[in-house]
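Here is the structure we will look at, set down as structure tokens.
Everything numeric here is computed off the predicted structure, so don't read it as measured data. Just the heavy atoms: all of them, side chains too, but no hydrogens, waters or symmetry mates, feed the values below. All chains are named by letter (A, B, ...) in the order of the sequence lines, taking the proteins before the strands, and each is independently numbered beginning at 1.
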Amino acid sequence: MKVEIKDLSYVYPSQDCALRGVSLVMEGTTPVAIVGQNGAGKTTLVKHLNGLLRPTSGQVLIDGVDINTHTTAQWSRKVGYVFQNPDDQLFLESVRKEFEFGPKHMGMRKEEIGERVEYVSNLVGLADQLDTHPFDLTSTQKRFCTIGIIMMMNPDLILFDEPTCGQDAQGIRRLRKIIQELRNQGKLCITISHDMRFVAENFKRIIVMKKGEAILDDDIEKVFARTETLKQCFITPPPITRVAQGADLKKTPFTGKAFMEAFEEERERRICQM
Amino acid sequence: MGKTILEVKDFSFTYNQAINKVLDHVNFRVDRGSFFCIIGANGSGKSTLCNSLVGLIPHYFSGEMEGGIRVDGMDVRKSSIGELSQKIGLVFQNPFNQLSYTAGTVAEELAYGLGNRGVPGKVMQEKIEHMAQLMRIDDVLSKNPTELSGGQVQRVALGSVFILDPEILVLDECTTQLDPLGAEEIFEIVKKINGSGVTVIVVDHDMERVASYADEVLVLSGGRAVKIGSPRSVFTDPELEQYGVNPPEYVKISDMLRKKGYTNRETAITEDQSIQMVKEALKG
């Protein structure tokens, strides 16, 4: 899977300019996180990747094919978009029907649909809720239901818009597993998130957006080391990183293990200086 | 005025057509003026408890209720939602549920509760302008609330409750749509409101934040109040994780440093304490 965004600009009908010349290439299976202030253009950007929005100027290519050559419905086989608000996505009377809807319309074989329902419902933790009405699910279950709906269609590119919103520790662990599983299957996941701990634990490449532009696009270590730039984007590094920065450790750790390594290295250095 | 402003006594609730109790014999008190946080895994009963505190349960959501809740002396069961709303305000988890859907503009949305109270137009106008500035929504006052982004709607939802100056403020995961600094900014505003004497009750999944703001923390698990106490006593409880809650990362850092003998200070539960601990440990 290869996504190419070339000098993309988008102006809403209200004349609000939401994207200002964004150029990015996302390729392979390494999951990418997009972070940034509210209103920075994150959702507007990903809505271009399945044609929900069409460029005002510039170009979007999915595996070399211009996004404008197909409808969003046609792109849905290849690109799945999990909405920010689950209620925007759910409309049928059971989880099972929601899961079966997309594949049926794509012409997937009945046996394959059955197999996928079992596999996906287990992965998203809704195996015992298949006959439940989606509106009777808890807000977290609804979110996993919308993720399941997209996974059912087996797209190569999956776009998650704020999947961590309202999730507890268990939900975060499940999301992590889903993203790893998709990666193992050779899929590309692009995720918008405000939860920097989740971002730090699951993504290597981070794109930071500000006022319609992608102002940083780099390895997570390099991105979170730019504290001043991040502040201007209303982003704060995750807690472990902040403690390391506050105590002037030389490295930028995101995990407990990396923190201890950075700490011991700094301690060693100071002892040697004495 | 008594010390206790809110009392939940042996309170249980089962939604209509549901089998299990969502809240199961819950007991606790909230001190006047305190910053009180409720934590727990999803499905532990946090939102149901919030709805019960403001009277949406039993007056809007029906079901079987046992025990009682008193809000500054008022029995929630015997008081109407209108009467209770003079005292206690709730900001919903989903900000779109907060909108009246009768207001054509954000300004009208902010005016909605004030209008119901019969606040004079001039006072109302001043309050709206002040609140719009505080919540940074002054540039969208003339927009339709349904045209706004999730983060903006969340600011409108918060503003529409803050503007009513309730004595008790209940916030149910009210910053989920905001970027990290935006969320921090809202908590600073809430802290300021709390500082002016308003009792604040907050449901949140961000344990670092809970640790730095809360006077007292209540842990719900499977509808039961399993622990209540200071942030320190709750977050250093080794049983916490079995309730589906991870302690703040600072606790993890403290444990690691202690285990390797780099510190013998008491567990850090906030960022400042944690940085202090690490700096000291570096000196050897």
Exercise for review: Decide whether B:Thr146 and B:Asn144 meet the rule of one side-chain donor and one side-chain acceptor closer than 3.5 Å.
Suggested key: yes
**Study point:** Polar side chain donor-acceptor pair, A:Glu162 to A:His194, under 3.5 angstrom
**Key:** yes
**Study point:** Ring centers of A:Phe263, B:Tyr262 separated by less than 6.0 Å
**Key:** yes
Would you mind telling me which of [options] has the largest number of heavy-atom pairs within less than 4.5 Å of chain A?
options: B:Gly151, B:Ala41, B:Pro180, B:Gly150; answer: B:Pro180
options: B:Glu249, B:Glu147, B:Glu185, B:Met277; answer: B:Glu249
options: B:Ile39, B:Ile253, B:Leu181; answer: B:Leu181
options: B:Asp179, B:Ile275, B:Val278; answer: B:Asp179
options: B:Glu271, B:Lys279, B:Gln152; answer: B:Glu271

Review point. Just how far is it from atom OG1 of A:Thr229 to atom CG of A:Leu216, taken to the nearest 0.5 Å?
Key: 5.5 Å
With a 4.5 angstrom heavy-atom cut-off, is it the side chain or the backbone of [X] that approaches chain A, or both, or neither?
X: B:Asn94; value: side chain
X: B:Gln276; value: neither
X: B:Ser149; value: neither
X: B:Ala183; value: neither
X: B:Leu282; value: both

Exercise for review: Specify whether B:Tyr15 and B:Phe13 have parallel, tilted or perpendicular ring planes, treating 30° as the upper limit for parallel and 60° as the lower limit for perpendicular.
Suggested key: perpendicular
Exercise for review: Hey, can you tell me if B:Tyr213 and B:Phe187 have their rings parallel, tilted or perpendicular (30° and 60° cut-offs)?
Suggested key: tilted
Taking [options] one by one, which has the highest count of heavy-atom pairs under 4.5 Å against chain B?
options: A:Gln167, A:Gln245, A:Met196, A:Gln84; value: A:Gln167
options: A:Gln141, A:Arg197, A:Glu266, A:Arg270; value: A:Arg197
options: A:Arg269, A:Gln37, A:Met260, A:Lys231; value: A:Met260

**Study point:** With B:Asp255, the salt bridge (Lys or Arg N to Asp or Glu O under 4.0 Å) member among B:Arg258, B:Lys259, B:Lys252
**Key:** B:Arg258
Point to revise | Carboxylate-amine/guanidinium proximity below 4.0 Å for A:Lys204 and A:Asp219 | key: no
Give, as side chain, backbone, both or neither, the part of [X] having an atom under 4.5 angstrom from any heavy atom of chain B.
X: A:Leu230; result: neither
X: A:Asp16; result: side chain
X: A:Ser139; result: side chain
X: A:Thr138; result: neither
X: A:Asp195; result: neither

Check your understanding: Can B:Ser44 and B:Tyr243 be said to form a side chain to side chain donor-acceptor pair (under 3.5 Å), step by step?
Key -> CA-CA 9 Å; B:Ser44 60; B:Tyr243 304 130; over 6 Å; no
Review point. For the residue pair A:Leu24 and A:Ala214, what are the closest heavy atoms and their distance?
Key: CD2-CB, 4.2 Å
Check your understanding: Quick one: does B:Lys46's side chain have a donor or acceptor within less than 3.5 Å of a partner on B:Gly40's backbone?
Key -> yes
